[in-house]
Amino acid sequence: MQLKTIWLTDFRSYETLELPLETGLTAIVGPNGRGKTNVLEAIGLLSTLKSFRGAPTESLVRRGAQSAFVRAEGVRDDREVLIELELTKGRTRAQVNRQRLKRSSDLLGALRTTVFAPDDLALVKQGPSVRREYLDDVLVALDPKNDALLREVDKIIRQRNALLRQSHGRLDEAGLSTLDVWDQKLGVAGAKLTTLREDLVVTILPMLHDAYALLAGAPESVTADYERSWQTETLADALASQRDNDVRRGITSVGPHRDELALRLAGLLTRTEASQGEQRTLALALRLAGHQLTTKVLGEPPLLLLDDVLSELDPDRATALLNNLPPGQVVITSASALPPAAKPDRVLNFTDPSTQTITLVDEPGDLTVAEGVVEDTVEVSSDV
Ligand SMILES: Nc1ncnc2c1ncn2[C@@H]1O[C@H](COP(=O)(O)OP(=O)(O)OP(=O)(O)O)[C@@H](O)[C@H]1O
Ligand SMILES: [Mg+2]
């Protein structure tokens, strides 16, 4: 989907804002704290209902306001698409083309985005959970149905853990038969998720390698190895052999929630042995590889959101990125002037809010995320 216009009402720092987006590269340039990332965050919300900064809904609503509205108009297959969100404390309501969404996952296919943000350094630097989440995000981008599998696995593990914790190290017969049920379910769904992730890693590795080489200007060897948390043939076997241990410790010690994606540059683990710049480059390469694969599989590029990416890279790497931006719609933010390699189709200059490129709408009534319309929608998520 191609986004044409986005409107914000009482979102973060904005009372009202109307922004046009180009079909190619739109650059948002302005000083620190001017609200550039806020705009990308709003676009990301339209895609996933989640803040890529991990912010709770209440911090997305402008201080002093009750609700925030994010609305965007775009085109898909020559047809107009309208996505509307209302964010209230602890609640998000959404509709597409004025149709209520029954489940939050219904939104996942409407607008796809790839986000690179400064926090993505964590992808390489932090513990295994961020890398598992990266793989899972790509799986959902490739097929929204995978979201249901992720939720199922998560639910099984939470319920299994709750049972183990409540047992205080001893399970009676009823408890053991409930544990049998969770193990049987996790053996199937968990193994399915691990296989999906393993296949994804094999598919994405050449793209990761190319993206890294392009940014670094050298064909460094990048490897990505999916490491299972169990060694037995099946997850069901591993759960059985770990059962006593799990009951004693009150946790689930094997399963997709304990797996790791080990990333190496020239044979060295990037988490502990790469330089900060190499880690940043690899984090960006991971995002670009996911973007490339999603584009290839879906036949249409997601909207690429690059937050502050230029300040993260040395001039050569920044130039390499700008000269090789993937096809499709891209929005980039920058706190300093764009380098010559950037050839934006439009620059939205946030330095002076009165410039013509940013339309600050005075009349909130112009933004027809009318309350009556939004109130008509069902609540799609209570925890976003
Ligand atoms: N709920 C809110 N209500 C009002 N203002 C908010 C809210 N949340 C954030 N802000 C304001 O938004 C501003 C930050 O916006 P943003 O992060 O988009 O800046 P930026 O232009 O990306 O800056 P940088 O270049 O430093 O990344 C801050 O000044 C902050 O006070
Ligand atoms: Mg920012």
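We count ligands from 1, going down the list as the structure has it; atoms in each ligand are counted the same way.
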Donor-acceptor contact below 3.5 Å, side chain S47 vs main chain I43: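 Here the side-chain-to-backbone pair does not exist.
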Polar side-chain atom of D314 near backbone of D316 as donor-acceptor pair, under 3.5 Å: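 Side chain of D314 to backbone of D316: a pair is present.
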Any side-chain donor near an acceptor of the partner, [X] and [Y], under 3.5 Å:
X    : Y    : result
T294 : R112 : no
D259 : S229 : yes
E73  : T5   : no
R158 : N161 : no

If the threshold is 4.0 Å, N to carboxylate O, is there a salt bridge linking R264 and D225? yes
As an exercise, state the distance from CD1 of I6 to CG of L8, rounded to the nearest 0.5 Å. 5.0 Å
Is L348 close to R346 at the side-chain level, that is, under 4.5 Å between some pair of heavy atoms? yes
Measure and list all N/O to N/O distances between ligand 1 and the protein that fall under 3.5 angstrom.
from     : atom 1 : to  : atom 2 : distance (Å)
ligand 1 : 1 (N)  : S59 : O      : 3.0
ligand 1 : 1 (N)  : V61 : O      : 2.9
ligand 1 : 3 (N)  : R12 : O      : 3.2
ligand 1 : 3 (N)  : R63 : N      : 2.9
ligand 1 : 8 (N)  : R12 : NH1    : 3.4
ligand 1 : 12 (O) : N38 : ND2    : 3.2
ligand 1 : 15 (O) : N38 : OD1    : 3.4
ligand 1 : 15 (O) : N38 : ND2    : 3.1
ligand 1 : 17 (O) : R53 : NH1    : 3.0
ligand 1 : 18 (O) : K36 : N      : 3.2
ligand 1 : 18 (O) : T37 : N      : 3.0
ligand 1 : 18 (O) : N38 : N      : 2.7
ligand 1 : 18 (O) : N38 : OD1    : 3.0
ligand 1 : 19 (O) : G35 : N      : 3.3
ligand 1 : 21 (O) : R34 : N      : 3.1
ligand 1 : 21 (O) : G35 : N      : 2.9
ligand 1 : 21 (O) : K36 : N      : 2.9
ligand 1 : 21 (O) : K36 : NZ     : 2.8
ligand 1 : 22 (O) : T37 : N      : 2.9
ligand 1 : 22 (O) : T37 : OG1    : 2.7
ligand 1 : 23 (O) : G33 : N      : 2.7
ligand 1 : 25 (O) : N32 : ND2    : 2.9
ligand 1 : 25 (O) : K36 : NZ     : 2.7
ligand 1 : 26 (O) : N32 : ND2    : 3.2
ligand 1 : 26 (O) : G33 : N      : 3.4
ligand 1 : 29 (O) : G33 : O      : 3.4

Restricting to distances shorter than 2.8 Å, give the number of protein N, O or S atoms close to the Mg ion (ligand 2). 1
